[in-house]
S.K.: 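Quick one: the structure is below, and I'll ask about it shortly.
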Amino acid sequence: MVWVPPGPPRTDCLTLLRTPTDNRPPKMSLEWLVAWSWSLDGLRDCIATGIQSVRDCDTTAVVTVACLLVLFVWYCYHVGREQPRPYVSVNSLMQGADANGLQNGYVYCQSPECVRCAHNEGLNQKLYHNLQEYAKRYSWSGMGRIHKGIREQGRYLNSRPSIQKPEVFFLPDLPTTPYFARDAQKHDVELLERNFQTILCEFETLYKAFSNCSLPQGWKMNSTSSGEWVTFYLVNQGVCVPRNCRKCPRTYRLLGSLRTCIGNNVFGNACISVLSPGTVITEHYGPTNIRIRCHLGLKTPSGCELVVGGEPQCWAEGRCLLFDDSFLHTAFHEGSAEDGPRVVFMVDLWHPNVAAAERQALDFIFAPGR
């Protein structure tokens, strides 16, 4: 109960309670009771107005809003329990990565259960288990194509024509073509080409360390049928190589600005690839069709060619070349020693027809070390 001071004097029930011979003010208890009555009247009117407002409102709309609010709260709680791994930063991996499988700046898989390197009958069961775990944590929504691909992976890989045969995972119903137009990932292509000089300068600084007697720290020698093919990885199979990233800080920061760079699963790579004159890379297939491999030409002398699905293309300095490496492909450098090496910056981008929900699920299923 709230005490409300009496208003200015007026002729009302309080005045009538006074007698002509009694000049004393009315008792406090009487004034307080009357004021309390007025307060209750106001409160009653307020409650009645609120009830009427609710009655006038559409009950269906109220129920719908309430249900949506409950679903939103549940979703925030469910998703907040475990978010997908963000893009890896150099500093966050400095201590652990150097001690776990990094040799000469290159990541070597240490796990016999790695889905990228394992080729056994239990791979499909492992992938299906990863998909089920993802669906329990998040949702089955949008997982139909991935579920179909895992369920019939053996049939897909065995029945594929020899021109396209990914070695690890085939996602069905994706448009297939050896080469992609630049507009397939326009933003990232333009961003890479704008930073051509930046990447080239950092490569030239790295390449000064080469000598005839040893392979510089951070470079990896790849097997070829002839010649010499070396790579310098910033991201290898979804894992950052901190020592290398420190040597190319601007190039590594550029990767974080790409919208479609694959950085969180074993199919994602970013490296500088160098072919010496006289080198021929043996024909081979990539591991999956969910990605587009992008080559930004840094040094492209004559006599160099890329052949994907039987179709030859040439690199150009400062320009990006997009192709699907799940097709049978090869590359060679038939130039002379005076021409110098062929150099490209290679980065793996998402296939444009892989949906956002599928990308998140594939990052989870093929996370490094899973």
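These numbers come from a predicted model, not from an experiment. Hydrogens, waters and symmetry mates are skipped; everything else that's a heavy atom, side chains included, is used.
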S.K.: If every non-hydrogen atom of Ser139 is compared with every non-hydrogen atom of Tyr134, which pair is closest and at what distance?
M.R.: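 Looks like O-CE2, 3.9 Å.
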
S.K.: Could you go through the side-chain contact (heavy atoms from CB on, under 4.5 Å) check for Phe332 and Leu275 one step at a time?
M.R.: CA-CA 8 Å; Phe332 54 85; Leu275 286 185; 6.0 Å; no

S.K.: Does Leu258 share a hydrophobic cluster with Phe196, counting links as ILVMFWY side-chain heavy atoms below 4.5 Å and allowing steps through other members?
M.R.: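 Yes, same cluster.
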
S.K.: Out of curiosity, Asp183 CG to Glu190 CD, how far, rounded to the nearest 0.5 Å?
M.R.: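 Answer rounded to 0.5 Å: 8.0 Å.
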
S.K.: Can you tell if the side chain of Phe345 reaches within under 4.5 Å of the side chain of Phe203, non-hydrogen atoms only?
M.R.: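 SC-SC contact between Phe345 and Phe203 ruled out.
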
S.K.: Under a 4.0 Å N-O cut-off, is there an ion pair linking Glu152 with Lys148?
M.R.: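 No, Glu152 and Lys148 are not salt-bridged.
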
S.K.: Among all residues two or more places apart in sequence or in another chain, which pass the side chain to side chain donor-acceptor pair (under 3.5 Å) test with Arg151?
M.R.: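 Applying side chain to side chain donor-acceptor pair (under 3.5 Å) to Arg151 gives His147.
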
S.K.: Taking the inter-plane angle between the rings of Tyr138 and Phe364 on a 0 to 90° scale, is it parallel (under 30°), tilted (30 to 60°) or perpendicular (over 60°)?
M.R.: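 Correct class here is perpendicular.
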
S.K.: Which atoms form the tightest heavy-atom contact between Cys240 and Cys245, and what is the distance?
M.R.: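 So the two residues come closest at SG-SG, 3.5 Å.
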
S.K.: Where the side chain of His284 meets the backbone of Thr282, is there a donor-acceptor pair that is under 3.5 Å apart?
M.R.: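 Yes: the side chain of His284 pairs with the backbone of Thr282.
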
S.K.: Would Glu334 and Arg342 satisfy salt bridge (charged side-chain N to carboxylate O under 4.0 Å, His left out), going step by step from the backbone distance to the final call?
M.R.: CA-CA 10 Å; Glu334 295 180 337; Arg342 182 239 59 177; over 6 Å; no

S.K.: Does a side-chain heavy-atom distance below 4.5 Å link Leu206 with Cys248?
M.R.: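 SC-SC contact between Leu206 and Cys248 confirmed.
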
S.K.: Is a donor on one side and an acceptor on the other found under 3.5 Å between the side chain of Asn244 and the backbone of Leu234?
M.R.: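 Checked: no pair found.
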
S.K.: Take Ile292 and Asp324 through the test side-chain contact (heavy atoms from CB on, under 4.5 Å) and record every step on the way to the result.
M.R.: CA-CA 5 Å; Ile292 293 177; Asp324 183 345; 6.0 Å; no

S.K.: Which heavy atom of Ala184 sits nearest a heavy atom of Pro352, and at what distance?
M.R.: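 Nearest pair, atom of Ala184 first, then Pro352: O-CB, 3.8 Å.
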
S.K.: With side-chain contact (heavy atoms from CB on, under 4.5 Å) as the criterion, how do Val347 and Leu255 come out once you've worked through the C-alpha distance, each side chain's angles and the decisive distance to 0.1 Å?
M.R.: CA-CA 9 Å; Val347 59; Leu255 293 178; 4.0 Å; yes

S.K.: What's the spacing between His333 NE2 and Ser226 OG if we round to 0.5 Å?
M.R.: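 It is 12.0 Å, given to the nearest 0.5 Å.
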
S.K.: Check for a donor-acceptor pair, side chain of Thr224 on one end and backbone N or O of Thr279 on the other, with a separation under 3.5 Å.
M.R.: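 It does not hold such a pair.
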
S.K.: Could you measure the distance from the CD atom of Gln132 to the CG atom of Leu127? Nearest 0.5 Å is fine.
M.R.: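 Going from the CD atom of Gln132 to the CG atom of Leu127 covers 11.5 Å.
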
S.K.: Is there a path of hydrophobic side-chain contacts, each under 4.5 Å between heavy atoms of I, L, V, M, F, W or Y residues, that connects Val230 with Val344?
M.R.: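 Per the 4.5 Å side-chain linkage, Val230 and Val344 are not co-clustered.
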
S.K.: Does a side-chain heavy-atom distance below 4.5 Å link Asp325 with Pro287?
M.R.: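 Yes, side chains in contact.
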
S.K.: For the residue pair Gly238 and Pro368, what are the closest heavy atoms and their distance?
M.R.: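 Residues Gly238 and Pro368, closest heavy atoms: O-CG, 3.7 Å.
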
S.K.: Going by distance alone, is a donor N or O of one side chain under 3.5 Å from an acceptor N or O of the other, for Asn124 and Lys126?
M.R.: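 Absent: no donor and acceptor within the cut-off.
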
S.K.: Which residues pass the side chain to side chain donor-acceptor pair (under 3.5 Å) test with Ser336, sequence neighbours left out?
M.R.: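 Listed in chain order: Glu338, Asp339.
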
S.K.: Decide yes or no on side-chain contact (heavy atoms from CB on, under 4.5 Å) for Phe170 and Ile290, but give the supporting numbers first.
M.R.: CA-CA 7 Å; Phe170 178 80; Ile290 66 172; over 6 Å; no

S.K.: Would the distance check show the side chain of Thr330 and the main-chain N or O of Ile281 forming a donor-acceptor pair, the cut-off being under 3.5 Å?
M.R.: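 Answer holds: yes.
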
S.K.: Could you please spell out the steps behind the side-chain hydrogen bond (donor to acceptor under 3.5 Å, both in side chains) verdict for Ser273 and Trp229?
M.R.: CA-CA 7 Å; Ser273 174; Trp229 173 28; 2.9 Å; yes

S.K.: Out of curiosity, Thr288 OG1 to Phe169 CZ, how far, rounded to the nearest 0.5 Å?
M.R.: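 Between Thr288 OG1 and Phe169 CZ, I get 6.0 Å after rounding to 0.5 Å.
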
S.K.: Rounded to the nearest 0.5 Å, what separation is found between the CG atom of Asn195 and the CG atom of Leu254?
M.R.: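 Asn195 CG to Leu254 CG: 4.5 Å, rounded to 0.5 Å.
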
S.K.: Quick one: do the Thr231 and Asn222 side chains pair a donor with an acceptor below 3.5 Å?
M.R.: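 Their side chains do contain a donor-acceptor pair, which is all the 3.5 Å distance test asks for.
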
S.K.: Using side-chain heavy atoms (C-beta onward) and a distance below 4.5 Å, is Cys294 in contact with Asp188?
M.R.: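 Result no, sub-4.5 Å side-chain heavy-atom pair not found.
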
S.K.: Linking Ile, Leu, Val, Met, Phe, Trp and Tyr by side-chain heavy atoms under 4.5 Å, what else ends up with Tyr285?
M.R.: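 Besides Tyr285, the hydrophobic cluster comprises Leu328, listed by chain and residue number.
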
S.K.: Main chain of Gln237, side chain of Asn269: is a donor-acceptor contact present, judged purely on distance under 3.5 Å?
M.R.: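 Looks like yes, one N/O pair under 3.5 Å.
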
S.K.: Suppose the criterion is salt bridge (charged side-chain N to carboxylate O under 4.0 Å, His left out): which pairs have a residue in residues 344-358, not counting sequence neighbours?
M.R.: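 Pairs touching residues 344-358 that pass the test: Arg145-Glu358, Arg291-Asp348, Arg293-Asp348.
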
S.K.: If Ile, Leu, Val, Met, Phe, Trp and Tyr residues are connected whenever their side-chain heavy atoms lie under 4.5 Å apart, and connections chain through other members, are Met221 and Ile272 in the same group?
M.R.: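 They do share one cluster, since a chain of ILVMFWY contacts under 4.5 Å joins Met221 to Ile272.
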
S.K.: Does Pro175 offer a backbone N or O that forms a donor-acceptor pair with the side chain of His351 under 3.5 Å?
M.R.: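 The answer is yes, because a donor-acceptor pair under 3.5 Å joins these two groups.
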
S.K.: Is the ring pair Phe232/Trp219 parallel, tilted or perpendicular, if the boundaries are 30 and 60 degrees?
M.R.: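 The arrangement is tilted - the two ring planes meet at 30° to 60°.
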
S.K.: Would Leu192 end up clustered with Met346 when hydrophobic side chains under 4.5 Å apart are linked, directly or stepwise?
M.R.: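 Not linked; separate clusters.
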
S.K.: Could you state the interatomic distance from CG (Leu191) to CD (Gln185), rounded to the nearest 0.5 Å?
M.R.: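 Going from CG on Leu191 over to CD on Gln185, the span is 12.5 Å.
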
S.K.: Quick one: closest heavy-atom pair of Pro341 and Pro301, and the distance?
M.R.: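 Result for this residue pair: O-CD, 3.6 Å.
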
S.K.: Tell me whether Phe327 shares a hydrophobic cluster with Leu171, the cluster being built from Ile, Leu, Val, Met, Phe, Trp, Tyr side chains joined at under 4.5 Å.
M.R.: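 Result: no, two separate clusters.
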
S.K.: Please, which pairs that meet salt bridge (charged side-chain N to carboxylate O under 4.0 Å, His left out) have at least one residue in residues 249-269, sequence neighbours excluded?
M.R.: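 Counting only pairs at least two positions apart or across chains, the salt bridge (charged side-chain N to carboxylate O under 4.0 Å, His left out) contacts touching residues 249-269 are Glu202-Arg250.
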
S.K.: Does the side chain of Asn289 reach to within under 4.5 Å of the side chain of Gln164, using non-hydrogen atoms?
M.R.: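 Yes - at least one pair of side-chain heavy atoms lies under 4.5 Å apart.
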
S.K.: Report yes if some heavy atom in the side chain of Arg359 is under 4.5 Å from a heavy atom in the side chain of Thr260; otherwise report no.
M.R.: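 A side-chain contact under 4.5 Å exists here.
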
S.K.: Report yes if some heavy atom in the side chain of Ile365 is under 4.5 Å from a heavy atom in the side chain of Ile146; otherwise report no.
M.R.: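 Touching, per the 4.5 Å side-chain cut-off.
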
S.K.: Where do Glu133 and Arg137 land on the salt bridge (charged side-chain N to carboxylate O under 4.0 Å, His left out) test, with the steps shown first?
M.R.: CA-CA 6 Å; Glu133 185 178 349; Arg137 297 188 184 189; 2.7 Å; yes

S.K.: Counting only pairs under 3.5 Å, give me each side-chain donor-acceptor contact of residues 302-323, with atom names and distances, residues two or more places apart or in other chains.
M.R.:
residue : atom : partner : partner atom : Å
Trp315  : NE1  : His295  : ND1          : 3.1
Glu317  : OE2  : Thr300  : N            : 3.2

S.K.: Are Val274 and Tyr207 close enough that some pair of their side-chain heavy atoms sits under 4.5 Å apart?
M.R.: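 In contact.
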
